[in-house]
Amino acid sequence: MDIVLRAAVVFVFLWLVTRAVGRTTLGELSTFQLVLFVTMGDLAQQGVTQQDYSMTGVVLAIGTFASLTVLLSWLTYRWPQRLVWFRGAPVVVVRDGEPVAAALRHHRLSVPDLVAAARQNGVRHLADVEVAVLEADGRISFFTQEPATPTDP
């Protein structure tokens, strides 16, 4: 019965923490956020079922992780230009239909992966792409060239 009560307390606490940290959906988690939530889950599990029977320890550990997450989020909101290294910056990987080899090499992105991402975004050929940007969260945005529209005489 003790484990059930401890699990219920940790469940409520984790629910409150995830509500406080932000409204990011699972599909939009960064790698860091995913690792953070998995680590918080491990900390909670240790407090519920392992030898550490201190609920205070669980709450303090998870609370510290959540507080640091909120603090880093606020800092990057407050000073986005100064902390661009923390979140990363978008990088152009295709320009005028041609892959930018240096950017692909630096970010370890292969041309077949780039072509597959283009297809997933409805782009048939890289030649149709004016600019493709590798976003800070790992997604690739494709901007196709606008077809020339005839002008009225």
Side-chain angles (χ1 to χ4, degrees), residues 7-50 58-153:
V9 169
V10 171
F11 174 84
V12 170
F13 181 68
L14 284 174
W15 180 78
L16 291 171
V17 164
T18 55
R19 295 291 292 168
V21 168
R23 295 182 176 261
T24 306
T25 62
L26 185 59
E28 297 172 352
L29 288 178
S30 69
T31 305
F32 174 72
Q33 289 172 321
L34 180 62
V35 169
L36 178 72
F37 286 132
V38 168
T39 303
M40 285 175 28
D42 184 54
L43 291 171
Q45 178 269 332
Q46 289 180 22
V48 172
T49 62
Q50 297 295 327
V58 172
V59 170
L60 285 175
I62 294 173
T64 300
F65 270 52
S67 298
L68 289 172
T69 301
V70 171
L71 175 67
L72 288 174
S73 177
W74 180 80
L75 289 172
T76 55
Y77 167 76
R78 180 77 171 99
W79 294 290
Q81 287 78 22
R82 292 184 185 170
L83 297 176
V84 71
W85 55 268
F86 182 74
R87 284 214 170 143
V91 176
V92 174
V93 292
V94 175
R95 179 167 280 132
D96 296 325
E98 292 296 320
V100 179
L104 294 176
R105 190 172 37 256
H106 183 265
H107 293 281
R108 296 176 306 281
L109 180 64
S110 69
V111 173
D113 289 341
L114 182 64
V115 171
R119 284 193 309 268
Q120 290 173 350
N121 282 278
V123 177
R124 293 179 186 200
H125 306 284
L126 284 183
D128 298 335
V129 176
E130 183 178 348
V131 174
V133 179
L134 177 62
E135 303 293 349
D137 64 0
R139 290 181 291 136
I140 302 175
S141 301
F142 292 90
F143 300 93
T144 57
Q145 298 173 355
E146 296 295 323
T149 57
T151 57
D152 292 330

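The first residue of the sequence shown is numbered 1, and numbering continues consecutively from there.
Among all heavy-atom pairs drawn from Val129 and Ala132, the shortest one is CG1-N, 3.8 Å.
Each of Val115, Leu109, Leu126, Val93 was compared with Pro99 under the side chain to side chain contact (heavy atoms under 4.5 Å, CB included) criterion, and only Leu126 meets it.
Residues Leu114 and Phe142 meet the side-chain proximity criterion, which asks for heavy atoms closer than 4.5 Å.
Within 6.0 Å of atom NE2 in His107, more than 12 heavy atoms from other residues, nucleotides or ligands are found, so the atom counts as buried in its surroundings.
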